[in-house]
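The structure under discussion appears below in the form of structure tokens.
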Amino acid sequence: MRIPRRARLMARIQQLSTKSSVVGKSPAQIPALRERLAIEPNWATKLVVGELSRDVFVDELYAELPGRQLRIRRYTPIVPTQAPRPVIVDFHGGGYVIGQPELKDWFNSQLAHRTDAIVVSVDYRLAPEHPFPAAYDDAIESYRWVVQNARGWDGDPERIVVMGDSAGGSLAAGVAIATSHQLAVPAPRAQVLLYPATDLETEYPSAIEQATAPFLSVEESDAYLDLYCSRADRSNSSISPINAADLSYVAPAVIVTAEYDPLRDQGVAYGAALTAAGVRNRTTTYPGTAHGFISTPGLYPAAIHALREIVDELTDLLAPEENPVPSHG
């Protein structure tokens, strides 16, 4: 299936402007690139990235971590609740270099409303100012902070989901792995991985077939990674979760991949690895989509379908009568 015409046009516009690409940028040029790519809320951007749900209240708070503060963007359903709500901890994409929680305002607010959950999106530290393992450390520590503070927001620390897209998907998977063998911190009930980067060592067929794919090429992906970590780091399971020694105790997963994406086969391979480890997962590749499609519902009707799939799976996985995923020491 072809990519929708609107998405093809947007990709063409981006390809004509080298100012919007990370390729060829020095570390000193990255802050200006972030400013250029930041979402400005106006009628034009809303046509592409969608609008906040009116059924959700959005505010910000700060996670106090050792030596730093991290901004947290929180989406809470406005309908009062009698019982604690599930909490979904989100890590945005952007190759560990760019990105912000606001990129997923439409998706996160819709997810909060449709699952009756509190969604918190973490504004973790970015490279090159903060190279590996800064983002991973922020993901682990912010997850623990959410678990410790969830009850204060009428959240249920026993019903937590980790979620992320692209690089954020790797971070979410990393949290699920790190907490699967701990007793001190409850492991998440589920993980939602959106076109995740899970294996940075292996060259999969999709990296060859989709080397020049719209919205994320192999050249761009490599440029992001070069700013975040060394080649030697890429085998580390903190960046390549598929290399984890034991996946058998991680939370059930919902994995979404895009047809026209060099990372597509990484997500599929991770789903297969979870299946081999005996972990429940639902892995879906959406035809006619490219990397990042869930954040641009105005370009891809499939974004709505993916949202519904995720909501259906989480409704099942977060049901109060279900037993939480056990932690193992």
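On a predicted model such as this, the values are computed, not experimentally measured, just so you know. One is the number of the first residue; the rest follow in order along the sequence.
- Looking at Thr275 and Asn281, their side chains do bring a donor and an acceptor atom within 3.5 Å of each other.
- Between the CG atom of Leu299 and the CZ atom of Arg8 there is a distance of 12.0 Å, given to the nearest 0.5 Å.
- Under the 4.5 Å side-chain heavy-atom criterion for Ile, Leu, Val, Met, Phe, Trp and Tyr, Ile304 and Phe293 are members of the same hydrophobic cluster.
- Considering only residues two or more places apart in sequence or on other chains, Tyr143 meets the ring pair (Phe, Tyr, Trp, His ring centres under 6.0 Å) condition with none of them.
- Closest non-hydrogen pair, Pro77 versus Ala117, comes out as CD-O, 3.2 Å.
- Contact annotation: the side chain of Leu216 approaches that of Asp261 to within less than 4.5 Å [non-hydrogen atoms, C-beta and beyond].
- The heavy-atom pair separating Phe215 from Ala290 by the smallest distance is CD1-CB, 3.9 Å.
- For Tyr195 and Thr289, the side-chain atoms include no donor-acceptor pair closer than 3.5 Å.
- For residues 110-136, the set of pairs meeting the ring pair (Phe, Tyr, Trp, His ring centres under 6.0 Å) definition, not counting sequence neighbours, comprises His92-Tyr124, Phe132-Tyr228.
- When atom types are taken as modelled, the side chain of Arg189 and the backbone of Leu317 share a donor-acceptor pair closer than 3.5 angstrom.
- Shown are Val58, Val87, Val120, Val146; of these, the side-chain contact (heavy atoms from CB on, under 4.5 Å) with Arg74 is made only by Val120.
- Inter-residue side-chain proximity for Thr115 and Ile88 is flagged as met; some heavy-atom pair is nearer than 4.5 Å.
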Report, one line per pair, each donor and acceptor closer than 3.5 Å where one atom sits in a side chain of residues 234-246; sequence neighbours left out.
| from | atom 1 | to | atom 2 | distance (Å) |
| --- | --- | --- | --- | --- |
| Arg234 | NH2 | Asp226 | OD1 | 2.6 |
| Ser235 | OG | Ala232 | O | 3.4 |
| Asn236 | OD1 | Ser238 | N | 2.8 |
| Asn236 | OD1 | Ser238 | OG | 3.1 |
| Ser240 | OG | Leu200 | N | 2.9 |
| Ser240 | OG | Arg234 | O | 2.6 |
| Asn243 | ND2 | Glu201 | OE1 | 3.4 |
| Asn243 | ND2 | Ser235 | O | 3.0 |
| Asp246 | OD1 | Ser248 | N | 2.9 |
| Asp246 | OD1 | Ser248 | OG | 2.6 |
| Asp246 | OD2 | His181 | NE2 | 3.2 |
| Asp246 | OD2 | Ser248 | OG | 3.3 |

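- Taking CD1 of Ile140 as the start and CD of Gln182 as the end, the distance is 7.5 Å to the nearest 0.5 Å.
- With rounding to the nearest 0.5 angstrom, the CZ atom of Arg85 is 6.5 Å from the CD1 atom of Ile118.
- Among all heavy-atom pairs drawn from Trp106 and Ala303, the shortest one is CH2-O, 4.1 Å.
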- Item | Intermediate values then yes/no, side chain to side chain contact (heavy atoms under 4.5 Å, CB included), Thr296 and Met10 | CA-CA 11 Å; Thr296 52; Met10 180 67 72; over 6 Å; no
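- The CG atom of Leu194 sits 8.0 Å away from atom OG of Ser295, with the distance rounded to the nearest 0.5 Å.
- Checked by atom type and distance alone, the side chain of Glu220 pairs as donor or acceptor with a backbone atom of Ser217 at under 3.5 Å.
- Listed by chain and number, the residues in a side chain to side chain donor-acceptor pair (under 3.5 Å) with Ser53 amount to none (sequence neighbours excluded).
- Arg125 places no side-chain N or O within 3.5 Å of a backbone atom of Asp137 that could act as its donor or acceptor partner.
- Hydrophobic clustering places Leu70 together with Tyr96 (ILVMFWY residues linked when any side-chain heavy atoms are closer than 4.5 Å, directly or through intermediates).
- Under the 4.5 Å side-chain heavy-atom criterion for grouping Ile, Leu, Val, Met, Phe, Trp and Tyr, Leu171 is connected to Val185 within one hydrophobic cluster.
- Cluster annotation: Val268 is not connected to Val192 through the hydrophobic network of ILVMFWY side chains, with a link wherever side-chain heavy atoms come within less than 4.5 Å.
- By the neighbour-count criterion of 12 heavy atoms within 6.0 Å, atom CD of Glu60 is densely surrounded, having more than that number from other residues, nucleotides or ligands.
- Of all the heavy atoms in Ile3 and Ala7, the pair that sits closest is CG2-CB, 3.4 Å.
- Atom CG of Leu61 sits about 8.0 Å away from atom CG of Asn149, to the nearest 0.5 Å.
- Scanning all heavy atoms of the two residues, the minimum distance from Glu259 to Pro287 falls at OE1-CA, 3.3 Å.
- Side chain of Arg264 to backbone of Ala258: no donor-acceptor contact under 3.5 angstrom is found.
- Closest non-hydrogen pair, Ser142 versus Phe91, comes out as OG-CE2, 3.6 Å.
- When atom types are taken as modelled, the side chain of Gln266 and the backbone of Asp199 share a donor-acceptor pair closer than 3.5 angstrom.
- To the nearest 0.5 Å, atom CD of residue Gln110 and atom CD1 of residue Ile310 are 12.0 Å apart.
- Residues Val175 and Val89 fail the side-chain proximity criterion, which asks for heavy atoms closer than 4.5 Å.
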Side-chain donor-acceptor contacts of residues 161-168 below 3.5 Å, not counting sequence neighbours, with atom names and distances?
| from | atom 1 | to | atom 2 | distance (Å) |
| --- | --- | --- | --- | --- |
| Asp165 | OD1 | Gly93 | N | 3.1 |
| Asp165 | OD1 | Lys104 | NZ | 2.9 |
| Asp165 | OD2 | Gly93 | N | 3.3 |
| Ser166 | OG | His291 | NE2 | 2.9 |

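- Residues passing the salt bridge (charged side-chain N to carboxylate O under 4.0 Å, His left out) test with Glu313, sequence neighbours excluded: Arg280, Arg282.
- No donor-acceptor pair under 3.5 Å is formed between the side chain of Arg71 and the backbone N or O of Asp123.
- Side-chain atoms of Ser180 come within 3.5 Å of backbone atoms of Ile177 as a donor-acceptor pair (strictly under, hydrogens ignored).
- Each of Asp55, Asp105, Asp90 was checked for a side-chain hydrogen bond (donor to acceptor under 3.5 Å, both in side chains) with Tyr75, and the lone residue meeting it is Asp105.
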- Item | Criterion side chain to side chain contact (heavy atoms under 4.5 Å, CB included) on Ile72 and Val122, from CA distance to verdict | CA-CA 5 Å; Ile72 306 289; Val122 180; 3.8 Å; yes
- Query: After noting the C-alpha distance and the side-chain angles of Trp153 and Thr76, does the key distance pass the side chain to side chain contact (heavy atoms under 4.5 Å, CB included) rule?
  - Reply: CA-CA 9 Å; Trp153 324 320; Thr76 306; over 6 Å; no
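- Side-chain contact check for Arg151 versus Pro84: every heavy-atom pair is 4.5 Å or farther apart.
- Criterion: ILVMFWY side-chain heavy atoms under 4.5 Å apart, direct or through other members. Under it, Ile294 and Leu263 are not part of a common hydrophobic cluster.
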- Would you please test Leu33 and Ile30 for side chain to side chain contact (heavy atoms under 4.5 Å, CB included) and show each step? CA-CA 5 Å; Leu33 177 66; Ile30 296 302; 4.3 Å; yes
